[in-house]
Amino acid sequence: MSKLVKGYIEGRKKDDSASVVVYGLNPIPGQLDRTVRTLAETGDVFTYEYPVERVISTELDSLPKLMEEIKLDVQDKTEGISKDRITMVGASLGALIAYRVQLDLGLPHPGLYTSAGVNAAWNTMFNPVFFPARKLFREYGIGYKAVASAWDEVDFFADRPAPPEIPFVGLISRFDPVVPYPIANRNLRAWLKRGSKIEVVRTNAIGHTASINLFDENIREVIEIGSIIKKDI
């Protein structure tokens, strides 16, 4: 099985905090560099990248296993750090993975996510952007129900809101073909109505890469929004 790529950036200031950055599929080189540098101003940063086959595989438990591997590694690397001093950060599929880690480990510090909120199984099996993945699944007789069942415990769902003690900032674009706005917006709005402590930032960035870049370019503002959420809890 292809390996998870783990990175480490030593913090320039040691204040007993840490950040974890999980990239999406096929990240452009240098993507989220500003985010990593900014987070490293106050503490160590751990990063995670993974090959496509760790997600799009005929072994449908690949995504849950990837999430579990990252969670256990984060747990090990942040041992001794207070849970409210660990910041989870993720882009695209990395947002789903990072959120799952935040949820499973009970991390109350607001997560920082971009291009988030879409049900991954639905997106993979119905979004035209993911035709190659869908084609692979169908060649092996794997349909939507099988993918949805395999990913059920780790996926985003409108009726499974983030609990109030797991807050985050979620940035979504109205013009992102990879993370369709109507679905992401519907899910996050549903979470807000059910009491989730989240802040949804809606942008007009044109394209998936542009949406992630906008998050990266404005990471200090995103961090500040997270700080405001934390004060309100």
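These numbers were taken from a predicted model, which means no experiment stands behind them. We count residues from 1, following the sequence as given.
Remark: of the listed residues Gln75, Lys71, Lys77, Lys77 is the sole one forming a side chain to side chain donor-acceptor pair (under 3.5 Å) with Asp73.
Formation of a donor-acceptor pair under 3.5 Å by the Ser196 side chain with backbone atoms of Ala162 is found in this model. With hydrogens and angles ignored, the 3.5 Å screen pairs no side-chain donor or acceptor of Asp176 with any backbone N or O of Ala205. In this structure a side-chain-to-backbone donor-acceptor pair under 3.5 Å is present from Asp44 to Gly11. A donor-acceptor contact shorter than 3.5 Å is absent between the side chain of Lys197 and the backbone of Ile229. Of the possible polar contacts, none joining the Asn218 side chain to the Glu221 backbone as a donor-acceptor pair under 3.5 Å is found. Within the 3.5 Å criterion, the main-chain N or O of Thr58 finds no donor-acceptor partner in the side chain of Ser62. Gln102 contributes a side-chain N or O that, together with a main-chain N or O of Leu107, makes up a donor-acceptor pair within less than 3.5 Å. Between the side chain of Asp216 and the main chain of Thr35, a donor-acceptor pair closer than 3.5 Å is present. Listed for the Thr87 side chain is no donor-acceptor partner under 3.5 Å among the backbone atoms of Leu112.
Here the closest non-hydrogen pair linking Gln31 and Thr209 is NE2-CG2, 4.1 Å. The minimum heavy-atom distance linking Leu188 with Ile198 is given by the pair O-CD1, 3.8 Å. Between Arg100 and Asp155, the shortest heavy-atom distance links the atoms NH2-O, 4.3 Å. When all heavy atoms are compared, the tightest approach of Pro128 to Arg134 is CA-NH2, 3.7 Å. What you find for Ala184 and Ala116 is that their closest heavy atoms are CB-O, 3.5 Å. Of all the heavy atoms in His208 and Ser92, the pair that sits closest is NE2-OG, 3.0 Å.
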Report the C-alpha separation of Arg220 and Glu41 in whole Å, then their side-chain angles, then the decisive distance to 0.1 Å, and conclude whether the salt bridge (Lys or Arg N to Asp or Glu O under 4.0 Å) test is met. CA-CA 11 Å; Arg220 293 189 187 279; Glu41 291 175 359; 2.5 Å; yes

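A 6.0 Å sphere centred on CZ of Phe131 holds no more than 12 heavy atoms belonging to other residues, nucleotides or ligands. Within a 6.0 Å radius of CG in Asp61, more than 12 heavy atoms belonging to other residues, nucleotides or ligands are found. Within 6.0 Å of CZ on Arg189 lie no more than 12 heavy atoms contributed by other residues, nucleotides or ligands. Within a 6.0 Å sphere centred on CD1 of Ile206, heavy atoms belonging to other residues, nucleotides or ligands number 12 at most.
Residues Ile70 and Ile81 are members of one and the same hydrophobic cluster, defined by side-chain heavy-atom contacts under 4.5 angstrom among Ile, Leu, Val, Met, Phe, Trp and Tyr. Grouping the Ile, Leu, Val, Met, Phe, Trp and Tyr side chains by contacts below 4.5 angstrom, directly or via other members, places Tyr23 apart from Ile28. Under a hydrophobic-cluster definition in which Ile, Leu, Val, Met, Phe, Trp and Tyr are linked whenever side-chain heavy atoms come within less than 4.5 Å, directly or via other members, Val200 and Phe175 are assigned to different clusters. Val52 and Val129 fall within a single hydrophobic cluster, where Ile, Leu, Val, Met, Phe, Trp and Tyr are joined by side-chain heavy atoms under 4.5 Å apart, directly or via other members.
Pro167 is not listed as a side-chain neighbour of Lys230, based on a closest heavy-atom distance of 4.5 Å or more. Counting only heavy atoms from C-beta outward, the side chains of Leu39 and Val89 approach each other to under 4.5 Å. Tyr50 is listed as a side-chain neighbour of Leu93, based on a closest heavy-atom distance under 4.5 Å.
Between Glu68 and Lys65 there is no salt bridge, since no side-chain nitrogen of the basic residue lies less than 4.0 Å from a carboxylate oxygen of the acidic one.
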Report all side-chain donor-acceptor pairs from residues 136-149 shorter than 3.5 Å, counting only partners two or more places apart or in another chain.
| from | atom 1 | to | atom 2 | distance (Å) |
| --- | --- | --- | --- | --- |
| Glu139 | OE2 | Lys135 | NZ | 2.7 |

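Residue pairs meeting the ring-ring contact (aromatic ring centres under 6.0 Å, His included) criterion with at least one member in residues 77-121, sequence neighbours excluded: Tyr99-Phe156, Tyr99-Phe168, Tyr99-Trp191, Tyr113-Phe168.
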